[in-house]
Trainee: 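Got a structure for you, written out below as structure tokens; questions coming shortly.
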There are 2 protein chains.
Amino acid sequence: MINVIDESGILAISTRLQRLADQLRKDGQLIYKANGIDFEPKWFPVIYTLYLKPVLSVVEISMEIGYTHPSTISLLKELEKEKLIRSKKDKLDERKRLIQLTEKGKTLVAEMQPVWQRMVVALTALTNTKNNLMKAIEEVEAQMKTLSFLERERQL
Amino acid sequence: MINVIDESGILAISTRLQRLADQLRKDGQLIYKANGIDFEPKWFPVIYTLYLKPVLSVVEISMEIGYTHPSTISLLKELEKEKLIRSKKDKLDERKRLIQLTEKGKTLVAEMQPVWQRMVVALTALTNTKNNLMKAIEEVEAQMKTLSFLERERQL
DNA sequence: TTGATTTATGTAGTTAACTACGTAGTTTTA
DNA sequence: TAAAACTACGTAGTTAACTACATAAATCAA
């Protein structure tokens, strides 16, 4: 069945993007569960960032993952409760809280590697169509950097 | 500056989609405001649906816009408070509440037409890159219908 | 034709992001 | 070197979707 929103075209693009993001996140959740791994997709950006850059402050993480710092703080709270990360004050700058993976966190990352690999394969198969979704996102983000949606409408 | 999430590739695709959806929605909000129109982007699916199909029940609307019925109900409450829609009981089926645009709603739709037209032009320019975002979304949705992300991972 | 099932709507509470605002520590400047 | 500005972090409250559950009307089946 074709509904109005699928037909209304580009005006509903933000709704369409949202819906697709939601579906992928939910499937991600189920995939971790099916693989016996206690992990939430929303934790991925923080954990993956700390895996690549082992010691970062709260704001550094928020910039890496592109979230606001309050959002980052609430993710960090969950991860600390799960004992996947720990934090300590920066001796050189008392305002900063330095975050890193715990041993449990590092072990979990190692366990998730094969799942992540399969996810990459599945997602690549899913999105590698005539118009590649990842590339399309990158291209649109580049376009917006040049001239945002707001600015483009104003110029008409 | 390139951050970790932009580099982590396809595993963060749901985050990337979400972010793009948010940015477009926020710009949409500003565009309505800049054009002196008191309208929220989140109302678009309901209003546009009722513009195309003038009388629908709550569940019919929720199916058209692809939201759950509780989400739809809360949108309808806002729109009723704004006096953009009104509802009446279906005489033939007392369970149903039939929704339609008010005169104020119809007038607003007419006023928004030129803004929508400019939005379409701006969004088309923004997304009509080498890999077309709208087409990519449609292709991925079709792929998921065939075999979801969850099912694809399981088969590996 | 009444009991069971389905459908339509509604309410309550959750989630995952956000903005706005406040405080404490660091850096810059007059 | 003290005041001003900036930076880092935190809290409170909002938003826009969701799931789970409840109720009433309609339909189906024995």
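Naming: A, B, ... by sequence-line order, numbering from 1 per chain.
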Trainee: Are Q143(A) and L147(A) close enough that some pair of their side-chain heavy atoms sits under 4.5 Å apart?
Mentor: no

Trainee: Does any N or O donor sit under 3.5 Å from an N or O acceptor when you compare the side chain of R97(B) with the base of dT9(C)?
Mentor: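 It does not, because no donor-acceptor pair links the side chain of R97(B) to the base of dT9(C) below 3.5 Å.
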
Trainee: So where does chain A start and stop touching DNA chain D, 5' to 3', when the test is distance under 4.0 Å to a non-hydrogen atom?
Mentor: dT7(D) to dT19(D)

Trainee: When you measure from the side chain of D90(B) to the backbone of L98(B), do you find a donor-acceptor pair of N or O atoms at a distance under 3.5 Å?
Mentor: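 No, because the side chain of D90(B) does not come within donor-acceptor range (under 3.5 Å) of the backbone of L98(B).
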
Trainee: With nearest nucleotide decided by heavy atoms, which residue, K89(A) or T72(A), maps closer to the 5′ end of DNA chain C?
Mentor: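 Closer to the 5' end of DNA chain C: T72(A).
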
Trainee: Can you measure R95(A) atom CZ to dG25(C) atom P for me and round it to whole angstrom units?
Mentor: 10 Å

Trainee: Does K77(B) reach a base, just sugar-phosphate, or nothing at all? Heavy atoms under 4.0 Å.
Mentor: sugar-phosphate

Trainee: Just to be sure I understand the rule, does S74(B) reach a base, reach only the sugar-phosphate, or reach nothing, if contact means heavy atoms closer than 4.0 Å?
Mentor: nothing

Trainee: What's the shortest heavy-atom distance between V58(B) and T72(B), and which atoms?
Mentor: O-CG2, 3.9 Å

Trainee: Whole-Å distance between dT9(C) P and D93(B) CG?
Mentor: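 For the pair D93(B) CG and dT9(C) P, the rounded distance is 8 Å.
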
Trainee: Nearest nucleotide by nearest heavy atom, which residue falls closer to the 5' end of DNA chain D, K26(A) or P70(A)?
Mentor: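 Comparing both residues, the 5'-ward one is P70(A).
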
Trainee: Between K53(B) and E60(B), does at least one N-O distance fall below 4.0 Å, as a salt bridge requires?
Mentor: no

Trainee: Is D22(A) salt-bridged to R19(A), cutoff N-O under 4.0 Å?
Mentor: no

Trainee: Dump the intermediate steps for side-chain contact (heavy atoms from CB on, under 4.5 Å) on E153(B) and N35(A), then the final yes or no.
Mentor: CA-CA 10 Å; E153(B) 189 273 346; N35(A) 282 277; 3.1 Å; yes

